[in-house]
Enquirer: 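Let me begin by handing over the structure; questions about it come next.
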Amino acid sequence: MTRAARPGRPALRRAQREALMGVLFAAPFALGMLLVVIVPLLGVMGISLTQWSLLDAPRWVGLRNYTRLAADPAFLRSAGVTAAFTAGILALNISAALALATLLNVRLRGIGVFRTIVFSPVVMPVVAWALVWKFLLQPDSLLNTWLSRLGAGEVNLLFTPSTALWTVVVIEVIKSVGLNAVIFLSALQGVPPELHEAARLDGATGWQVFRRIILPLISPTFFLVFIVTLIGALKLFTPVYVLTGGGPADSTTTLIVYMFKQGFQFFEFGYASAVATVLFVIVLALTVAQWSLRRRLVFYEG
Amino acid sequence: MRAERAPRWSWALYALLVLVSLPFLLPLLWLLVSAFKTSAAIFSSPFDVNLAHLSLANVRQVFHDYPFARQYVNSVYIAALVVPLTMLLSALAGYAFARLRFPGRDVVFILTLVAMMVPSELTAVPQFVAFSRLGLTNSHVPVIVTQIFSATGALAVFLMRQHFITLPPELDDAGRVDGLGTLGVFRYIMLPLSRPALATVAIFAVLNSWNDYFNPLIYLSREGLLTLPLALQRFTDPLGGVYWNLTLAAGVLVALPVLLTFLLAQRQFIESLAASGTKG
């Protein structure tokens, strides 16, 4: 400090002042993030090695929570539910978003109104949206009655174990697909129109143009949307919890709902932390895998 | 796309667009109408949109029989703290990561990327332990703090850093030649150029704060402390049966400010969200 502060070394002094300002600028967020996210993240891993109800002292149990998880049918089931739920949301959301973006990209008078309509559920409060659908799907509700009149037999979409999960998936996708659609739309609008026309003149079909020209050009966006949607689906709690509370018969108990129940309903905080750690490792692994795939799959212009 | 063919096919396209719009629009319209019907009418005449049959009775009852006004104030003041603080902290940190060299910068930035990836639900157990040791359960402190430093907060820092990187460094130098310090450059040159990025951050922060359900669920149990997402589920009889007329009326009151803001500012809204997705 004193050496650098000596006159005659202005470059060093400026570097020091810059470092000081950098620390001061970053510190308010960085300290909060360390305390609220990073330390608790390590804490989760630590607590997962204990048995703890918060009322007594935590008892060290080593990896026992993890061996218990591996043999816990309810946990394995929730892992399966999460896989199906995430795959369902990913497939439906991305294909619907691409289709909507293509449709909303047409040049028509008043197209902006339709863009607004498709996007509007995105800003709708999550709980309000879930409650509207919960009402629409009440036993004996209109939607269920219509479906049974169409010949589907006795229908109770949200309260039947075999249909509840897919019903939640569809409700969630209608809620949030507008965001991905708008992101794809702005990527599509960045594709130079001469490229389509040139390919068309060369005799390419619509599908070929999409597959060979548009998809590679929007691949960075596609990639980003894919990761964000995937991680979003893995951690999705509110709509599931409000719509079904994890039921019926645990058919919609995803890992995050399972973690919540173990921790905040059964006070098994060590066990809940083990679930959280597993979920974190999955998220981390997916992200790392995505990043390494990125170079091979994503086409960057220039 | 193929604008020359549009006129011939436009009727078919409009039909398709209307059909596609239904699942997005109908639940909203249905909510708006049902909220002003009696409990019986919601079930018996769901398609009755005669304005003369609608009344404000539900809204009155929501405010009269429940601490809904209080809960509304809670949500509003929490957002009023979370949103500007997120904007300020993310702009400061984003600028530091983009422009200033300081020891530990890369480590802290990598930790920010990790924080962006960690769903806040996953760290709930140790957070809960810490906040309850501090005697802060059943207060708004944990709700506010977890919102500011959540994955959304980290995303905000990331977006601001990306934004500042795109601004030419010559701007900073020009400011310094004019005698501004780092704080001056930030305040008088960088911030005024950051409106679109800050707007995006504000949008994410508003939605994050207004919708947060998990943390209030864990930390808040007293009725008067609840925020709106939890309050929406409290219109029930003692057996847990839902008073749908009140729930839907309250749902409209919760959705209205966000929906109106969106309708008024939708271009900026959609553009800034789209930009944050395409820049990657």
Enquirer: Hey, does B:Asn211 have a side-chain heavy atom less than 4.5 Å from the side chain of A:Val127?
Expert: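 No, their side chains stay 4.5 Å or more apart.
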
Enquirer: In Å and rounded to the nearest 0.5 Å, what is the OG to CG distance from B:Ser34 to A:Leu136?
Expert: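 Between atom OG of B:Ser34 and atom CG of A:Leu136 there are 8.0 Å.
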
Enquirer: Measuring only between side-chain heavy atoms, which start at C-beta, is B:Leu31 closer than 4.5 Å to A:Phe135?
Expert: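 No. Closest side-chain heavy atoms not under 4.5 Å.
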
Enquirer: Is the closest side-chain heavy-atom distance between B:Phe186 and A:Phe25 below 4.5 Å?
Expert: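 Yes, close enough: below the 4.5 Å cut-off.
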
Enquirer: Would you mind telling me which of A:Val170, A:Ile47, A:Leu24, A:Leu20 has the largest number of heavy-atom pairs within less than 4.5 Å of chain B?
Expert: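 Among A:Val170, A:Ile47, A:Leu24, A:Leu20, the one with the most close pairs to chain B is A:Ile47.
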
Enquirer: If you count heavy-atom pairs under 4.5 Å between each of A:Val123, A:Val37, A:Ile227 and chain B, which one has the most?
Expert: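 Winner by heavy-atom pair count: A:Val123.
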
Enquirer: Please report the shortest heavy-atom distance between B:Arg101 and A:Glu18, naming the atom on each side.
Expert: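 Heavy atoms only, the tightest pair is N-OE2, 2.6 Å.
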
Enquirer: Hey, what's the ring geometry for B:Phe214 with A:Phe264, parallel, tilted or perpendicular (30° and 60° as the breaks)?
Expert: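 Rings of B:Phe214 and A:Phe264: perpendicular, over 60°.
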
Enquirer: Taking A:Val36's backbone N and O only, do any of them form a donor-acceptor pair with B:Gln127's side chain (distance below 3.5 Å, no angle check)?
Expert: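 Pair found, side chain donor or acceptor close to backbone of A:Val36.
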
Enquirer: Quick one: does A:Ile111's side chain get under 4.5 Å of B:Leu17's, heavy atoms only?
Expert: yes

Enquirer: With chain B as the partner, which of A:Ile256, A:Val242, A:Leu104, A:Thr277 has the greatest number of non-hydrogen pairs under 4.5 Å?
Expert: A:Val242

Enquirer: Report yes if some heavy atom in the side chain of B:Leu217 is under 4.5 Å from a heavy atom in the side chain of A:Phe237; otherwise report no.
Expert: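 Answer yes - side chains close enough.
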
Enquirer: Chain A: which of B:Val145, B:Val157, B:Thr146 shares the most heavy-atom pairs with it under 4.5 Å?
Expert: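 Option with the top pair count is B:Val157.
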
Enquirer: Using a 4.5 angstrom heavy-atom cutoff, name the option from A:Ala128, A:Gly32, A:Ala26 with the most pairs to chain B.
Expert: A:Gly32

Enquirer: What residue in A:Gln138, A:Arg17, A:Arg115 has the most heavy-atom pairs under 4.5 Å with chain B?
Expert: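 If we count pairs closer than 4.5 Å to chain B, A:Gln138 comes out on top.
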
Enquirer: To the nearest 0.5 Å, tell me how far B:Arg176 CZ sits from A:Arg14 CZ.
Expert: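 If I round to the nearest 0.5 Å, the distance is 8.5 Å.
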
Enquirer: If I take atom CG from residue A:Leu179 and atom CG from residue B:Leu207, how far apart are they, to the nearest 0.5 angstrom?
Expert: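 Here the interatomic distance stands at 9.5 Å.
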
Enquirer: Do the side chains of B:Leu122 and A:Val44 get nearer than 4.5 Å, heavy atoms only?
Expert: no

Enquirer: Find the one option among B:Ser21, B:Ala151, B:Gly251 whose heavy-atom pairs under 4.5 Å with chain A are most numerous.
Expert: B:Ser21

Enquirer: Pick whichever of A:Leu131, A:Ile231, A:Val283 has the most heavy-atom pairs under 4.5 Å with chain B.
Expert: A:Leu131

Enquirer: Nearest 0.5 Å please: distance from the CG atom of A:Leu34 over to the CG atom of B:Leu111.
Expert: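 Those atoms lie 6.0 Å apart.
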
Enquirer: Given side chain to side chain contact (heavy atoms under 4.5 Å, CB included), test A:Leu284 with B:Met117 step by step and report yes or no.
Expert: CA-CA 8 Å; A:Leu284 189 71; B:Met117 224 179 59; 3.6 Å; yes

Enquirer: Quick one: OG1 on A:Thr116 to CG on B:Leu263, what's the gap to the nearest 0.5 Å?
Expert: 7.5 Å

Enquirer: State, yes or no, whether a side-chain contact exists between A:Leu54 and B:Phe128 at a heavy-atom distance under 4.5 Å.
Expert: yes

Enquirer: Is the A:Phe119-B:Phe262 ring centre distance short of 6.0 angstrom?
Expert: yes

Enquirer: Would you say the side chain of B:Val114 lies within less than 4.5 Å of the side chain of A:Leu41, judging by non-hydrogen atoms?
Expert: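 Side chain of A:Leu41 against side chain of B:Val114, heavy atoms only: contact under 4.5 Å found.
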
